[in-house]
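Report on the following structure.
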2 protein chains.
Amino acid sequence: MVQLEEIRKTFPMEAGPVYALRGVNLHIKRGEMVAITGSSGSGKTTLMNILGCLSSPDSGTYRLAGEEVSNLSQQQLATIRSRRIGFVFQTFNLLPRLNALQNVELPLLYARATAGAIDRARHALERVGLADRVEHFPNQLSGGQCQRVAIARALVNEPSIILADEPTGAVDSVTSQDIMKLFHSLHAEGRTIIIVTHDQGVAAQCERQIVLKDGTVTIPGKGGNS
Amino acid sequence: MVQLEEIRKTFPMEAGPVYALRGVNLHIKRGEMVAITGSSGSGKTTLMNILGCLSSPDSGTYRLAGEEVSNLSQQQLATIRSRRIGFVFQTFNLLPRLNALQNVELPLLYARATAGAIDRARHALERVGLADRVEHFPNQLSGGQCQRVAIARALVNEPSIILADEPTGAVDSVTSQDIMKLFHSLHAEGRTIIIVTHDQGVAAQCERQIVLKDGTVTIPGKGGNS
Ligand SMILES: Nc1ncnc2c1ncn2[C@@H]1O[C@H](COP(=O)(O)OP(=O)(O)OP(=O)(O)O)[C@@H](O)[C@H]1O
Ligand SMILES: Nc1ncnc2c1ncn2[C@@H]1O[C@H](COP(=O)(O)OP(=O)(O)OP(=O)(O)O)[C@@H](O)[C@H]1O
Ligand SMILES: [Mg+2]
Ligand SMILES: [Mg+2]
């Protein structure tokens, strides 16, 4: 499903280049639930942005569901992002002028799936325990509530691949467990789930763990760097 | 040092009022290191904003170092905030058009402590492990690096009270331990430290734990609600 070979990403800076990804090799099968861990600054978000087709590597290949992603047009990439991938951003990226319901509805409108969009958005918010916060704007929500709106938004399109960058970082352990139950049930439906996490308890609930260190994979599991 | 009595805070919403704080009683002595825990949405950030003189309660009293805060002028409050309180925000609140060094330097400039400000800012960034990221802008930093810049900025003024709203939420356990070592050494210098956290490991390192539930204190420790 997701195959990366020798992926490199460098950020040129005046003080000198930052080698964020230094040859990442990764193979994640359809329907797997995988954790990506590693210390702060090790390259996890940079990797997720490439997996989510939000940024391009400088070199290396990325095959998504058998297709070489760098051969796809901007239009095709946008279609993949809106219909096949659900992305929970580390910084949530909610639109401040839309309330929770409108934020969650947005991917459905982008995918032209407008029929019943409001009901689907409302249902997604119920699944993350926010039925009574649907009309709040992001600045009227707690940190953990914003995180849950971001999760609801990532799931509302019923994507086949879910990329979650630290989905439990802002919540208490009980809420974290509710979120993991939700991910487990999505996994049971056959979706591929990739979770970046600093929480060992969350990582332990995944089928395997991929560890990033200084921009490369250090514990391969099946199919990482060796 | 910090004494709250019957603090209430309500957010009026079209769908009905949200009673965020429903009579909080709290007494934290000078030099204590205290954890505030509670589930997502329980009122922790709302409480921290009142403690940090960033928002006012609707009713109840707040005595800070013996003075009733509601009797102070805006000017006096601003002076207290800039010189006595260091605040690590849950959402970091870094200025996007300033780099890490400039962001950390800002409280010194506000407090008119401009002599040696750049060196002090650089030193604060070294203490959180970011010596090699001083010229990066927030959008060129990882989530955990932004968190550490926010911590460095809160400490650069050497405040007597440190309010940290989830200071380790975005980092791995090793970095989290480095941050806690830093807080312990600040505590050893006699500073008062109040940490909101979802991490039981962090809460256990504090002298006592105050639990918020639905806007009131449930485990008093010494001096909470009873
Ligand atoms: N746009 C950018 N320009 C320059 N450097 C960048 C940029 N984005 C990220 N970096 C650097 O690349 C490295 C990897 O960043 P990344 O955000 O992938 O880390 P991470 O593993 O997600 O960390 P965290 O756990 O703190 O979120 C970091 O050292 C960061 O400073
Ligand atoms: N400006 C606001 N307008 C309306 N409701 C608000 C506002 N700010 C907070 N709330 C509500 O008040 C309650 C408490 O919010 P608060 O941010 O204090 O929670 P918290 O304990 O910090 O949660 P978390 O652990 O998720 O950060 C939440 O239910 C939230 O939706
Ligand atoms: Mg990250
Ligand atoms: Mg909060």
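This one's a predicted model, so the numbers in the text were calculated from it and none came from an experiment. These numbers come from the heavy atoms of this one structure, side chains and all, not from hydrogens, waters or symmetry mates. Reminder, nothing fancy here: chain letters follow the sequence lines and each chain counts from 1.
With rounding to the nearest 0.5 angstrom, the OG1 atom of A:Thr168 is 8.0 Å from the CD atom of A:Glu166.
Neither the backbone nor the side chain of A:Thr45 comes within less than 4.5 Å of any heavy atom in chain B. For B:Gln140, the part sitting under 4.5 Å from any heavy atom of chain A is the side chain, from C-beta outward, and nothing else. In this structure, chain B has heavy atoms under 4.5 Å from both the backbone and the side chain of A:Gln145.
Checking B:Ser40 against A:Arg148 by side-chain atom types alone, a donor-acceptor pair falls below 3.5 Å.
Heavy-atom contacts from other residues, nucleotides or ligands closer than 6.0 Å to CZ of A:Phe137 number more than 12. Counting non-hydrogen atoms of other residues, nucleotides and ligands closer than 6.0 Å to CD of A:Glu135 gives a total of 12 or fewer. By the 6.0 Å contact criterion, CZ on A:Arg122 is open, its count of non-hydrogen atoms from other residues, nucleotides or ligands being 12 or less.
When each of A:Ser39, A:Ser42, A:Ser173 is scored by its heavy-atom pairs under 4.5 Å with chain B, the top score falls to A:Ser39. When B:Thr37, B:Asp165, B:Thr91, B:Val171 are compared by the number of non-hydrogen pairs under 4.5 Å with chain A, B:Val171 comes out ahead.
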